[in-house]
2 protein chains.
Amino acid sequence: MKYNLIIVDDHKMFLDGLLSILNSENDYNILLTAKNGKHIAKYLEINPDEKIDLIITDITMPEMDGIALNKIVKERKSNIKTLVVSMHNNPDMIDNLIEHDVDGYVPKNAEKEELLKAIQTILGGEKYFSREIKDIYMENKFSKKKNEEVKLTQREIDVITLIAQEFTTQEIADKLFLSKHTIESYRKNLIAKLSVRNLAGLTKYAMKMNYIQE
Amino acid sequence: MKYNLIIVDDHKMFLDGLLSILNSENDYNILLTAKNGKHIAKYLEINPDEKIDLIITDITMPEMDGIALNKIVKERKSNIKTLVVSMHNNPDMIDNLIEHDVDGYVPKNAEKEELLKAIQTILGGEKYFSREIKDIYMENKFSKKKNEEVKLTQREIDVITLIAQEFTTQEIADKLFLSKHTIESYRKNLIAKLSVRNLAGLTKYAMKMNYIQE
DNA sequence: ATCAATATCCCTGAAAACAGGGGTCTTTGT
DNA sequence: ACAAAGACCCCTGTTTTCAGGGATATTGAT
């Protein structure tokens with residue numbers, strides 16, 4: 001009996017690569033491929049009883065990315081394993097995935113052999129993370145300890161986002177229906193919390209955290 | 001007689017994808033694959049007389065990226081065609097490639113058929129760019145006209161870099177052995193030139209231009 | 001030789017940011 | 001039930017930014 005796999009990736013050529021690797025193995029049956037997580041989420045909803053063993057997914061995809069997909073799968077269908085194959089090694093993404101019980105993570109520049117090993121390991125019930133990914137995860141956890149878990153409230157995120165979008169204090173106050181003084185307080189707290197010196201530091205933080213895109 | 005191709009990409013799995021696509025065609029002989037442009041540049045140097053028809057390359061790679069590789073190939077071996085296959089659609093990268101006579105550009109999310117068409121077109125002596133890439137290129141040229149080529153002097157780059165690194169005006173003045181007033185003038189000019197509103201805008205520009213990494 | 005671009009410096013006044021305090025009220029967890 | 005955390009507001013005084021005008025000296029290209 002073959003394992004049923006689903007592959008999600010918005011890069012056609014990469015998909016072809018994965019397919020050619022997996023088709024040369026006999027144990028895997030590719031149920032479905034898709035360009036984004038939304039298709040898969042829908043599919044799982046419509047076919048609740050189908051036996052699906054593993055979903056292999058990229059991270060950056062239009063509409064619904066791999067982070068969101070993994071979250072949904074683990075919340076609704078925790079018996080389905082998930083393996084992320086991505087070229088991104090953003091520590092926060094990795095952290096998010098691991099917190100949401102992803103079963104494995106292999107970078108896209110990994111050897112074919114490692115990918116197959118990851119799949120086998122995961123289907124065997126264990127987790128598989130590439131050395132590189134483990135290192136990034138640990139490094140991140142370690143340095144987070146030093147920074148003493150800087151966590152912003154939603155309101156603070158609102159304010160820092162607007163600051164990074166080049167709005168003045170008064171404009172932000174108007175937008176949020178708050179007093180100018182309140183915004184000044186938030187800015188002051190943000191600068192202290194994030195250990196930066198001024199607007200430039202706040203802006204960089206906002207970019208790093210993807211509060212703004214530009 | 002087969003065409004001799006070289007493929008450069010640091011993502012093993014993607015390489016496998018390309019190989020499986022191209023091996024199923026009979027016209028192509030894959031001479032060599034590599035993980036970065038440096039290997040290829042070396043290879044071309046050592047084997048100056050080998051008949052090479054086309055180099056297919058990614059853009060982001062360690063050591064020597066696709067931009068640099070294309071430049072070198074076109075400068076030293078202009079008879080070798082180059083095709084970029086990348087998921088990046090940064091207008092400046094595309095612009096750079098086209099200025100340096102790249103023969104084609106196909107995004108990684110293109111269909112297999114489009115890739116093959118691109119290769120055939122290029123080997124036939126014409127250029128091939130995906131609709132998407134052409135659009136980005138034209139859009140960029142068009143909007144550049146509007147923005148009237150914002151070009152910063154080296155000194156301005158120095159100043160904006162330090163600003164984005166969170167230094168105060170006085171600190172920047174000290175570092176550059178200039179008066180505080182001079183830095184203020186530079187900042188004023190930068191804000192005008194770049195059509196931004198404040199430090200946040202300057203910081204974002206500096207990041208976009210890679211003046212700072214963080 | 002000359003002209004444009006660049007680099008440098010200065011001033012004023014208004015607006016904004018910043019440091020460092022103060023506070024109330026509501027929500028949330030235990 | 002009560003403490004902690006968050007959201008919200010205010011004040012004073014200093015520093016910095018920003019818009020708007022200047023100016024001069026050097027350099028590079030035509």
Side-chain angles (χ1 to χ4, degrees), chain A residues 92 99 144-209 211-212 214, chain B residues 144-209 211-212 214:
Chain A
D92 291 321
E99 295 302 328
K144 274 282 167 57
K145 284 287 179 307
K146 277 190 308 191
N147 299 356
E148 273 175 70
E149 32 161 335
V150 182
K151 244 189 190 163
L152 302 188
T153 66
Q154 187 53 50
R155 212 46 165 169
E156 286 173 329
I157 292 174
D158 293 344
V159 173
I160 196 175
T161 302
L162 289 166
I163 288 175
Q165 283 168 351
E166 300 174 52
F167 293 107
T168 65
T169 301
Q170 189 57 61
E171 286 167 348
I172 296 170
D174 293 345
K175 269 180 197 294
L176 300 180
F177 305 106
L178 296 176
S179 135
K180 177 188 147 187
H181 304 293
T182 309
I183 306 303
E184 280 172 357
S185 290
Y186 279 122
R187 195 187 47 232
K188 185 178 53 179
N189 289 335
L190 282 164
I191 288 173
K193 255 192 183 180
L194 303 176
S195 317
V196 297
R197 301 184 66 190
N198 52 33
L199 285 195
L202 292 182
T203 305
K204 286 193 287 183
Y205 184 86
M207 296 195 80
K208 202 171 66 187
M209 288 294 138
Y211 296 151
I212 57 169
E214 314 152 59
Chain B
K144 274 281 168 55
K145 285 286 180 308
K146 278 191 307 192
N147 297 356
E148 272 176 73
E149 31 165 333
V150 182
K151 243 186 190 164
L152 302 188
T153 66
Q154 186 53 50
R155 212 47 165 169
E156 286 173 329
I157 292 174
D158 293 345
V159 173
I160 196 175
T161 303
L162 290 165
I163 288 175
Q165 283 168 350
E166 299 175 52
F167 293 108
T168 65
T169 302
Q170 187 58 61
E171 285 168 348
I172 296 170
D174 293 347
K175 269 180 197 292
L176 300 180
F177 305 106
L178 297 176
S179 136
K180 179 188 145 188
H181 304 294
T182 309
I183 305 303
E184 281 172 357
S185 289
Y186 278 121
R187 196 188 46 235
K188 182 180 53 177
N189 289 335
L190 283 165
I191 288 173
K193 256 193 182 179
L194 303 177
S195 317
V196 297
R197 301 185 66 189
N198 52 31
L199 285 196
L202 292 181
T203 306
K204 286 192 288 182
Y205 184 86
M207 296 196 81
K208 202 171 65 186
M209 289 291 135
Y211 296 150
I212 56 170
E214 315 151 57

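Here is the naming used below: chain letters follow the sequence lines, and residue numbers restart at 1 for every chain. Just so you know, these numbers use all the heavy atoms, side chains as well, and skip hydrogens, waters and symmetry mates.
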Apply the test side-chain contact (heavy atoms from CB on, under 4.5 Å) to residues Leu176(A) and Leu162(A): give CA-CA distance (whole Å), side-chain angles for both, the deciding distance (0.1 Å), then the verdict.
CA-CA 10 Å; Leu176(A) 300 180; Leu162(A) 289 166; 4.0 Å; yes

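Under the side chain to side chain donor-acceptor pair (under 3.5 Å) criterion, Glu166(A) pairs with Lys204(B), sequence neighbours left out. Residues satisfying the side chain to side chain contact (heavy atoms under 4.5 Å, CB included) test with Thr161(A), not counting sequence neighbours, are Ile157(A), Gln165(A), Tyr211(A), Ile212(A). Annotation: side chain to side chain donor-acceptor pair (under 3.5 Å) contacts of Asn189(B) (sequence neighbours excluded): none. Checked against side chain to side chain contact (heavy atoms under 4.5 Å, CB included), Ile191(B) has the following partners two or more places apart in sequence or in another chain: Arg187(B), Val196(B), Leu202(B). In terms of the salt bridge (Lys or Arg N to Asp or Glu O under 4.0 Å) criterion, Glu184(B) has no residue partners (sequence neighbours excluded).
Of all nucleotides in DNA chain D, those with any atom nearer than 4.0 Å to a heavy atom of chain A start and finish, going 5' to 3', at dG6(D) to dC10(D).
Residue pairs meeting the salt bridge (Lys or Arg N to Asp or Glu O under 4.0 Å) criterion with at least one partner in residues 168-182 of chain A, sequence neighbours excluded, are Glu171(A)-Arg197(B).
Listed here is the closest heavy atom pair of Ala200(B) and Ala164(A): CB-O, 4.1 Å.
No option in Leu194(B), Leu190(B), Ile163(B) other than Leu194(B) meets the side chain to side chain contact (heavy atoms under 4.5 Å, CB included) test with Tyr205(B).
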Which letters describe nucleotides 2-15 of chain C, given B = protein heavy atom under 4.0 Å from base, S = only from sugar-phosphate, - = neither?
----SSBBB-----

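Note that the OH atom of Tyr186(A) and the CG atom of Asp158(A) stand 9.0 Å from one another [nearest 0.5 Å]. The OG1 atom of Thr182(B) sits 12.0 Å away from the CD1 atom of Ile172(B) when rounded to the nearest 0.5 Å. In this structure, CD1 on Ile183(B) lies 4.5 Å from CG on Leu178(B), to the nearest 0.5 angstrom.
DNA chain D is contacted by Thr169(B) of residues 160-174 of chain B, taking any non-hydrogen atom closer than 4.0 Å.
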Short N/O separations, protein against nucleotides 26-30 of chain C, under 3.5 angstrom:
none

